[in-house]
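See structure below.
Lettering of chains follows the sequences in order, A, B, ..., and the numbering in each one begins at 1. Since the model is a prediction, treat every value here as computed from it, not as a measurement.
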Protein chains: 2
Amino acid sequence: MASLSDSASANHSPDDIEALPASAADQVLLYLALNTMKVGGHRYGAFLDAAATAAKFSIYSTYLEQGRNLRKTGFLYHVEPKRVRVIVKEVEAALEEGKALKTLASQEPYYLVGLPHLWQEQYPWKQGTSRIDWNGLLASEKEELEASLPDNLPQARLLNAFEFDELIVLLHTQSQIDLPSERRISLSDAMSEHIKFRLLHSGTVMPVESPLLKIPFYVLTRTTYAPRGERERVFAMIQDVARFFQLLQDWVAEKPGVMRILEVFDIAPADKDAALKELDVMLKSWADKYHKDGGFNMILQMAVGNRRGE
Amino acid sequence: MASLSDSASANHSPDDIEALPASAADQVLLYLALNTMKVGGHRYGAFLDAAATAAKFSIYSTYLEQGRNLRKTGFLYHVEPKRVRVIVKEVEAALEEGKALKTLASQEPYYLVGLPHLWQEQYPWKQGTSRIDWNGLLASEKEELEASLPDNLPQARLLNAFEFDELIVLLHTQSQIDLPSERRISLSDAMSEHIKFRLLHSGTVMPVESPLLKIPFYVLTRTTYAPRGERERVFAMIQDVARFFQLLQDWVAEKPGVMRILEVFDIAPADKDAALKELDVMLKSWADKYHKDGGFNMILQMAVGNRRGE
DNA sequence: CTCAGCGGGAGGTCCCCTCAC
DNA sequence: GTGAGGGGACCTCCCGCTGAG
């Protein structure tokens, strides 16, 4: 069973997603999970909570449609009336008192995005001084170490392991100031390690290793948390999908002024680039032609590309 | 607090969704939940399970990328290695042995979609005979009752309350034949009532009320489960969103031959219809112009409509 | 029929610990 | 470091029951 070829034989790629016998809705969930968790850095539990919140809102919506009837709503979704009541209270508290539900809120969790700012604020570095604030080294040793660091570092000094830990505690505290007191959670070791691992994994923070140092030091490498270069594109993608979904909602409701277009076609490989460019120009000139300031607000979302399956 | 105007003051509409401080990812989750649960008829728990499955797959994907390292994967998503191991086993069993994960699978749950077929199979009706198979009525009374039924009924006779219950038990059994034995659940009363309520709520089944009948009878009104007329449109919408998401995945990965277009513009109300029609024709002729059988498989997804916010 | 309450059980998310390789 | 095992807390979902209006 366990052999050297294990890692090869079980080399499932992301393409497996499309091979799974999943419905369209399942696929959307999957793409969402992959992007928010892998790229966005959200916790497993955070995604589950966000999905539950969406489902709860759906229940609440039906509850209103059914004339605030707990039992009917419960039957429709196979939920106990008791539980429906709790859900309704939760949603209403959120809508009326502005209490936050458990959502994904920002593209990345605050405890990851907030670190660069907090680090620079708490441990600033001034031009001309050493980034290493530790008396155990000679000036020459400090210079040697600093020379080994990456270029274009933010205005922040290095931290030793203890300071880094303290900073993460502070970061966690800061990330919870918006939460009601009953939902605030003290930072567990597991959570702390999760945050540290994420920061190092993304390259936002890098360990500084040297025989000169007795304990590990850490350096802030960027002013933003960015797991990959794809970050902005993923963000744009999710917003596009949300808007696309919204537009199709209107189409389903048969609202006027909404159009859905689906074109399936084959194209000669040599023509592909020219065709796409022509399409781009065509749409821009179309939008320009009809554009009129102060008119009806419109938006067009489109994606063209390789068709799979069949 | 509790007043007569409560139902009015709390008359939140679906538009509230957009007013919520939700991120794009949260909005997508919300739209998904609303459509699969309200229109699709999926249970609350089924949606949660499907979301969990997507997240599990995401974990599994990372697990492979990290060289099958339980601990690292756990740190990345704040999950215990022990739990990661269970999740990995679950996903691998699904991929390799074809065991079904808990997904939304079909647009509607099988126990709703399958009913019309099962009813017609188990309790068929032949032209010329009475749809009411009960000796407690005179022939004239049967005719009178049948005359009160809707037109265009499927080839199935009426059921009394007991037969209806039995049919639901059978339906539940049938819906579980694909599941491994350990995941099969016996039909609980709550579940049974949920299914009955859904069927009646959607109009697929209608109660037959008459002073002539001592116990309730039920009639099958359609050959397909269809909660609303929007059914096909919602189905198409979710597929569109999934494909759109897939296309943008390629765009994020900077694969060649993929294009994303976002046009924001205003339009004079009088021009709107003409502009949309022009766009439709324009795209079709563009696709026709470049279409070449046997060429590179392409697909274009587009939605235009009212822009909100701002 | 609706709403209300009280049980129990299973499973999942979290927390922490030790021990062998 | 990693895998594997132990413990326990808490919550949610799911099931069943009874009683008050």
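In this structure, A:Ile238 and B:Val28 approach most closely via the heavy-atom pair O-CG2, 4.3 Å. Taking all atoms of both residues into account, the shortest heavy-atom contact from A:Gly40 to A:Glu108 is O-CG, 2.9 Å.
Spacing between atom CD1 of B:Ile87 and atom P of C:dC14 amounts to 10 Å, rounded to whole angstrom units. In this structure, B:Lys102 atom NZ and D:dC14 atom C1' are separated by 11 Å, rounded to whole Å. Atom CD1 in A:Ile185 sits about 11 Å away from atom P in D:dC11, given to the nearest Å. If you measure from atom CD of A:Glu193 to atom P of C:dC17, you get 11 Å, rounded to the nearest angstrom. Per the geometry, NZ belonging to A:Lys89 stands 14 Å off P belonging to D:dT12, to the nearest Å. For the pair B:His172 NE2 and D:dC14 P, the computed distance is 12 Å after rounding to whole Å. Per the geometry, CG belonging to A:Leu200 stands 15 Å off C1' belonging to D:dG1, to the nearest Å. Taking atom CZ on A:Phe75 and atom C1' on D:dC15, their separation rounds to 14 Å, with Å as the unit.
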Working for side-chain hydrogen bond (donor to acceptor under 3.5 Å, both in side chains), residues A:Tyr60 and A:Glu92: CA-CA 9 Å; A:Tyr60 179 69; A:Glu92 286 189 336; 3.2 Å; yes

Stepwise ring-ring contact (aromatic ring centres under 6.0 Å, His included) test for A:Phe75 and B:Phe197: CA-CA 6 Å; A:Phe75 277 144; B:Phe197 195 91; 5.5 Å; yes

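The shortest distance between the side-chain N/O atoms of B:Ser188 and the OP1/OP2 oxygens of D:dC15 is below 4.0 Å. Side-chain N/O atoms of A:His78 include one lying less than 4.0 angstrom from OP1 or OP2 on D:dC15.
For the pair A:Met191 and B:Glu90, both in contact range of DNA chain C, the more 5′-proximal nearest nucleotide belongs to B:Glu90. Between B:Asp189 and B:Leu48, the one whose closest nucleotide on DNA chain D sits nearer the 5' end is B:Leu48. Residue-to-nucleotide proximity on DNA chain D shows that, of A:Phe197 and A:Lys56, the 5′-proximal contact is made by A:Phe197.
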Footprint string (nucleotides 3-9 of chain D, 5' to 3'): B base within contact, S backbone only, - free, heavy atoms under 4.0 Å: BSSBB--

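Ring geometry for A:His194 versus A:Tyr111: interplanar angle over 60°, hence perpendicular rather than tilted (30 to 60°).
Using a distance-only test at 3.5 Å, with no hydrogens or angles considered, a donor-acceptor pair links the side chain of A:Arg184 to the main chain of A:Gln176.
Applying the 6.0 Å contact sphere to NZ of B:Lys196 captures more than 12 heavy atoms from other residues, nucleotides or ligands.
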